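Computed from a prediction, not measured in an experiment: that's the story for all the values here.
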Amino acid sequence: QVPLVESGGGMVQAGGSLRLSCAASGRAARRYGMGWFRQAPGKDREFVSAIWWAGGATYYADSVKGRFTISRDNAKNAVSLQMNSLKPEDTAIYYCAASHLFSNTQRDYVYWGQGTQVTVTS
């Protein structure tokens, strides 16, 4: 059973917006940092953004800083990623993940969703 389930992916034109959501089943992310990663075709998986379970500390990859906003609803064990000003380079499968550490390193994440496709057309 996959503890994290992403939703909200789709296809948009460059400059458009999407909001991704990640729902945690059970307590998988209750005391975890939660993050988003993405993997474009032919590329390695890369960090996008993270938020700590306590407080509002956040990380953003330089490539998305100022365009993406991560938020968390601890009561619902959910995390969202608002993606604005999307670029074709943002096209990837986006994965929600949870870690015991507040981290931008995928090796620190122990729970992963199945991913949701985001496609940004020119």
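- Taking OG1 of Thr58 as the start and CG of Asn104 as the end, the distance is 12.0 Å to the nearest 0.5 Å.
- With a 4.5 Å cut-off on side-chain heavy atoms, Ile70 and Met34 do not count as touching.
- Here the closest heavy-atom approach between residue Ser103 and residue Asp108 is recorded as OG-OD2, 2.5 Å.
- Going from atom CD of Gln13 over to atom OG of Ser122 covers 10.0 Å, rounded to the nearest 0.5 Å.
- Residues Trp52 and Gly33 come closest through the heavy atom pair CZ3-N, 3.3 Å.
- In this structure, Tyr95 has its ring center no closer than 6.0 Å to that of Tyr109.
- At a threshold of 4.5 Å between non-hydrogen side-chain atoms, the residues Val118 and Arg38 do not count as touching.
- Here the shortest heavy-atom pairing between Leu81 and Trp36 reads CB-NE1, 3.5 Å.
- Contact annotation: the side chain of Phe68 never approaches that of Leu18 to less than 4.5 Å [non-hydrogen atoms, C-beta and beyond].
- Taking the six-membered ring for Trp and the full ring otherwise, Tyr59 and Phe102 have centroids separated by under 6.0 Å.
- Across all non-hydrogen atoms, the minimal contact from Gln117 to Thr91 is NE2-CG2, 4.0 Å.
- With hydrogens and angles disregarded, no donor-acceptor distance shorter than 3.5 Å links the side chain of Thr105 to the backbone of Arg107.
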**Request:** Applying side chain to side chain contact (heavy atoms under 4.5 Å, CB included), run through Arg67 and Asp90 and close with a yes or a no.
**Result:** CA-CA 11 Å; Arg67 299 188 298 120; Asp90 296 318; 2.8 Å; yes
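- Between Ala24 and Leu4, the closest heavy-atom pair is CB-CD2, 3.5 Å.
- Between Glu6 and Leu20, every side-chain heavy-atom pair lies at or beyond the 4.5 Å cut-off.
- Annotation for Tyr60 and Thr69: closest pair OH-CA, 3.3 Å, computed over non-hydrogen atoms.
- Note: Lys65 NZ to Ser49 OG = 10.0 Å, rounded to the nearest 0.5 Å.
- Remark: the Ser21 side chain and the Arg19 side chain contain an N/O donor-acceptor pair separated by less than 3.5 Å.
- Both Ile51 and Val110 are members of a single hydrophobic cluster when ILVMFWY side chains are connected at heavy-atom separations under 4.5 Å.
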